[in-house]
2 protein chains.
Amino acid sequence: MAERDHLYLRLAVDLAILTVRDDALQVLTITRANQPFRGQAALPGGFLREGEDLVGAAVRELGEETGLDGHRLHLEQVEAYGDPDRDPRGRIISVAYLAMMPDLPLPTAGSDASSATWTPVATATGLAFDHDRILADAVERARSRLEFSTLATAFCGAEFTIGDLRNVYEVVWGERLDPRNFNRKVLGTEGFVTATGGKRMPEVGRPAALYRAGGATTLNPPILRTDKAG
Amino acid sequence: MAERDHLYLRLAVDLAILTVRDDALQVLTITRANQPFRGQAALPGGFLREGEDLVGAAVRELGEETGLDGHRLHLEQVEAYGDPDRDPRGRIISVAYLAMMPDLPLPTAGSDASSATWTPVATATGLAFDHDRILADAVERARSRLEFSTLATAFCGAEFTIGDLRNVYEVVWGERLDPRNFNRKVLGTEGFVTATGGKRMPEVGRPAALYRAGGATTLNPPILRTDKAG
DNA sequence: TCGCATTAACGTCAGACTGACAATAACTAT
DNA sequence: ATAGTTATTGTCAGTCTGACGTTAATGCGA
């Protein structure tokens, strides 16, 4: 392996931060302040720094964009993207991370994130670079995670109803689920949710029991969606 | 984003090339000829070159190590590894690829791969760099792929028996499967395998019908293993 | 106080799938 | 022919799923 073979490049970490908001799956996008793609929407991200590992960079970026602590959120690597001309600035590899979070108010105001907004995934096309594809991969990953893990709770607050949880599935999968079968499934899965004893009063109708995330991380058996696209 | 934030680094592509051989899941390892980790076993890999994309580099490395055409094999990205001190030579990010191939004779002789050997995954510990972890991730990915896709056929030759296919599952999962239930499952899944009409005579016993891979890529419903470790 | 609309939660039942095991089929060797 | 060996088909009960009916708990208006 001769030295001439060594290609020096930069590495970016891009984030697909997803939430369920207004009954839609939404992604945090920024408007680019600089060239290239100035003024165009893109996923938040930044360059890897010295001494930093990949998740570290993702956590830092997440903090800069949302003001939230990435250690407390679900953060997972999606894939690395390395097309030679994916970035007009030169050879830049991007490692994409997926974050799933509840619909919290974003504490940031004056930072880099001033231009950060929630965009429904269905509307989020024409992003800068290859971010359309990164987003598509991240969304598919999230959809798949809901099948085999308890991560749907990551989209909910600390306490939630089974209806809230079902809504997450419906919105992320874009598919209606039978409330009765869903209840049976969730409550029948050991460690998925644990009842708090509390209730939430709706505007009208019977109050719903509140739950919090249980200890289990994987769903066995899984909750398979009928319509598998990816 | 100031220029000082930009960290320049090198990117390596490492391969976990898996096959089923002698009733064991085996991985192709090389003995390192240079420092660091000279003389120690490692996964084959190399640096990304100019104008090359990630899969391109993986295909090239695969060709160099095995003499096989990576375009005809299953090749998929596992993950990117970027711990700051994963490589003593400096800041090197590794993107790992998983290859699944039948037990073919490796045509290479005089190339880089002179030191390439098949090692049972169970024995392959103490690899250079963080390759132990990369291998573990790749193996877990392969195990998972067998559940939800028809990729077990990638471990078989062009023609195989249901017994061959079952052996792949048993070896990769490290778990016994009931031959009768397995037959029912495979033959009942549309597009998993198609009969060639031919038969293979064993040393002793009834001849087995031969099949080739069908058109389907995903298994619906999946073949779930009982023992999920990862 | 009594319906009544509304949402939550539990029940039922047939069909599909799974795991465990029995029986038969097609060979070879003796 | 008979035994030994491997491949393939079959059976059956338990489990899970999807579709749909019923009951429960609340606020609101008559």
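Chain naming here is simple, since letters A, B, ... match the order of the sequence lines and numbering starts at 1 in each.
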#### Entry: Rounded distance (Å) that lies between atom P of C:dT18 and atom CG of A:Leu224
11 Å

#### Entry: Residue B:Val204, side-chain heavy atoms: nucleotide from C:dC21, C:dT28, C:dG11 that is nearest
C:dT28

### Task
Just compare C:dC21, D:dT6, D:dA25 and give me whichever is closest to any side-chain atom of B:Arg206.
D:dT6

### Task
Could you work out which one of C:dA9, D:dA7, D:dT17 sits closest to the side chain of A:Arg184?
D:dT17

#### Entry: B:Lys185 side chain near C:dC17 phosphate (N/O to OP1/OP2, under 4.0 Å)
no

### Query
Roughly, in whole Å, what's the span from CG in A:Asn181 to P in C:dA14?
16 Å

### Query
Mapping B:Arg166 and A:Lys199 onto DNA chain D by nearest heavy atom, which one lands closer to the 5' end?
B:Arg166

### Message
If I take atom CZ in residue B:Arg200 and atom P in nucleotide C:dT28, what distance separates them, rounded to the nearest angstrom?
### Response
16 Å

### Message
Less than 4.0 angstrom from a charged side-chain N to a carboxylate O is my criterion; do B:Arg200 and B:Asp164 meet it?
### Response
yes

### Query
Hey, does the side-chain of A:Asn183 have a donor or acceptor N/O within less than 3.5 Å of a partner on the base of C:dA8?
no

#### Entry: Nearest to side-chain heavy atoms of A:Pro207, which nucleotide of C:dA9, D:dT8, D:dT26
D:dT26

### Query
Rounding to a whole Å, what distance do you find between B:Glu203:CD and D:dT6:C1'?
12 Å

### Query
Whole Å only: how far is the CG atom of A:Asp178 from the P atom of C:dA8?
13 Å

### Message
Between A:Glu175 and A:Arg225 (salt bridge meaning N to carboxylate O under 4.0 Å), is one present in this structure?
### Response
no

### Message
Under 4.0 Å between a side-chain nitrogen and a carboxylate oxygen: does that hold for B:Glu76 and B:Arg145?
### Response
yes

### Message
To the closest 0.5 Å, what do you measure between OG1 (A:Thr226) and CH2 (A:Trp173)?
### Response
8.5 Å

#### Entry: A:Arg176 CZ to D:dA19 P, straight-line distance once rounded to whole Å
14 Å

### Query
Does a distance-only test, which skips hydrogens and angles, find a donor-acceptor pair under 3.5 Å between the side chain of A:Arg180 and the base of D:dA19?
no

### Query
Can A:Asp14 and A:Ser94 be counted as having a side-chain donor-acceptor contact under 3.5 angstrom?
yes

#### Entry: Cationic N near anionic O, under 4.0 Å, A:Arg60 to A:Glu64
yes

### Summary
When rounded to whole Å, the CE to C1' distance for the pair B:Met201 and C:dA26 reads 9 Å

### Query
Which comes earlier along DNA chain D counting from the 5' end, the contact point of A:Gly205 or that of B:Ile162, where each point is its nearest nucleotide?
B:Ile162

### Task
Would you work out how much the helix from C:dT1-D:dA30 to C:dT30-D:dA1 bends between its ends, with each end axis defined by five base pairs, to 10 degrees?
20°

### Task
Identify whether any heavy atom of A:Pro202 sits under 4.0 Å from a base atom; if not, whether one sits that close to sugar-phosphate; answer base, sugar-phosphate or nothing.
nothing

### Message
Is any side-chain heavy atom of A:Phe160 closer than 4.5 Å to one of A:Thr153?
### Response
yes

### Task
Whole angstrom is fine here: how far is it from CD1 in A:Ile223 over to P in D:dT15?
20 Å

### Presence of salt bridge, B:Arg143 and B:Glu147, under 4.0 angstrom
no

### Task
Consider the side chain of B:Leu187, meaning its heavy atoms from C-beta on, and name the nucleotide among D:dT9, D:dT8, C:dA9 that approaches it most closely.
D:dT9

